[in-house]
Amino acid sequence: MLPATRRRIPAALAAAALAVALAGCASGGGARDDGSGGGSAAAPSTVPLPAVAKDDTLAAQIPAAVSADGKIVFGTDAASPPNEFVDTDGSTIVGMGVDLGTAIAQKLGLGAEFQKSASPEVIPGVQSGRYELGMSSLTISDGRLRSVDMISYFSAGTSLATRSGNPDRVTVDTLCGRAIGVLAGTVQVEDLAERTASCVDNGKAPIQVIELQQQTDVTPALTSNRIVGMLADGPVVAYAVQTAGNQLQVVGPQYDTAPYGIVLAKNQPGFASAVQGAVQALIADGSYEAILDKWGVGEGAIPSAEHRS
């Protein structure tokens with residue numbers, strides 16, 4: 001189930017981000033084209049985000065079952081900075097996706113509550129009604145659309161990271177026989193499965209896929225030399241490189257760029273229309289751009305939100 005540049009991280013947040021990225025806390029998303037979309041994530045600015053005004057027309061489309069308690073409950077993986085991760089207090093979930101989800105809820109006249117979930121459990125949680133929406137850097141794919149609907153909100157791709165200097169000379173085309181780390185439940189797992197099959201078909205050793213439950217476990221596996229490379233969403237890799245000092249580097253451009261999607265259960269046309277409309281309204285009024293710029297991922301902006309089912 002990825003992105004871009006800018007501004008400087010405050011010292012306290014830098015320390016926190018380093019602890020999160022290199023220690024371990026929760027989990028992330030995934031994506032799939034060709035070096036564009038998403039890129040070199042920088043750390044958040046401290047410029048206040050603009051206030052978001054309620055849209056009464058959109059709010060009127062929200063099902064009573066969702067609006068009754070005055071909030072939207074989001075399921076989210078919370079260990080993929082800068083998209084979703086745990087703040088310095090050890091419990092508050094922050095990040096680009098959290099700010100955007102909060103703004104969507106505000107546009108609909110509701111509050112937002114984010115609950116931590118392992119990445120592979122977000123979609124089942126939405127299907128079961130535990131969560132009303134999923135906001136977890138999940139790439140829109142045909143497989144996921146068989147189970148849920150998704151509203152596009154960002155564009156990202158896959159990046160490869162190695163230790164600084166790339167001592168093992170790893171590239172995306174030379175993964176056969178190598179130990180490569182990846183987050184469970186992401187498109188990168190599918191990518192590595194396809195690449196492994198190609199390795200075997202060509203008489204080469206299969207990729208040693210080290211599939212971990214949290215992105216914040218994948219990064220330290222790389223810095224401690226337990227793996228020789230990791231594949232993850234572009235902004236996740238860029239943020240890990242940034243917060244790990246001089247320990248890591250990005251190798252090559254992003255590839256397989258595709259949109260992230262907000263997850264919602266099927267057969268909710270009013271809810272889907274309201275969420276899609278809220279994202280589009282945030283794009284139109286500049287709030288969307290401000291949120292992406294805050295987290296340094298503006299290159300992943302999309303021009304319009306689409307409802308896919």
Value rounded to 0.5 Å, distance of CD1 in Ile151 from CG in Leu133 |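 Separation between the atoms: 9.0 Å.
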
Between OH on residue Tyr131 and CZ on residue Phe114, distance to nearest 0.5 Å =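 Spacing of OH (Tyr131) from CZ (Phe114) equals 12.5 Å.
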
Quick one: do the [X] and [Y] side chains pair a donor with an acceptor below 3.5 Å?
X: Glu190; Y: Gln188; value: no
X: Gln254; Y: Thr158; value: no
X: Asp173; Y: Thr171; value: no
X: Glu306; Y: Ser152; value: no
X: Asn83; Y: Tyr260; value: yes

Hey, is the main chain of Phe74 close enough, under 3.5 Å, to the side chain of Glu113 for a donor-acceptor pair?
->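 No.
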
Identify all side-chain donor-acceptor contacts of residues 272-283 below 3.5 Å with residues at least two apart in sequence or on another chain.
residue : atom : partner : partner atom : Å
Ser273  : OG   : Gln61   : OE1          : 2.8
Gln276  : NE2  : Ala305  : O            : 2.9
Gln280  : OE1  : Ala305  : N            : 2.8

According to a 4.5 Å side-chain heavy-atom criterion applied to Ile, Leu, Val, Met, Phe, Trp and Tyr, with indirect links allowed, do Val263 and Leu145 form part of one hydrophobic cluster?
->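 Per the 4.5 Å side-chain linkage, Val263 and Leu145 are co-clustered.
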
Hydrophobic cluster membership, Leu49 vs Leu108, 4.5 Å side-chain cutoff =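 Yes, it is one cluster - the side chains of Leu49 and Leu108 are joined through contacts under 4.5 Å.
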
Assess whether atom [atom1] of [X] is packed by more than 12 heavy atoms of other residues, nucleotides or ligands within 6.0 Å.
X: Asp142; atom1: CG; value: no
X: Asn246; atom1: CG; value: no
X: Asn267; atom1: CG; value: no

Show the atom names and distances, to 0.1 Å, of all donor-acceptor pairs under 3.5 Å that link a side chain in residues 97-105 to residues at least two apart or in another chain.
residue : atom : partner : partner atom : Å
Asp99   : OD2  : Lys294  : NZ           : 2.9
Asp99   : OD2  : Trp295  : NE1          : 2.8
Thr102  : OG1  : Val98   : O            : 2.8

Flag this pair as yes if the NZ/CZ of Arg195 is under 6.0 angstrom from the six-membered ring centre of Tyr255 and inside a 45 degree cone about the axis; otherwise no.
->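 Judged by the rule, Arg195 and Tyr255 form a cation-pi pair.
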
Ion pair check, Arg226 and Asp217, cut-off under 4.0 Å =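 Salt bridge between Arg226 and Asp217, a charged N being under 4.0 Å from a carboxylate O: no.
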
Ion pair Asp149/Lys266, N-O distance below 4.0 Å |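 Answer for the salt bridge query: yes.
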
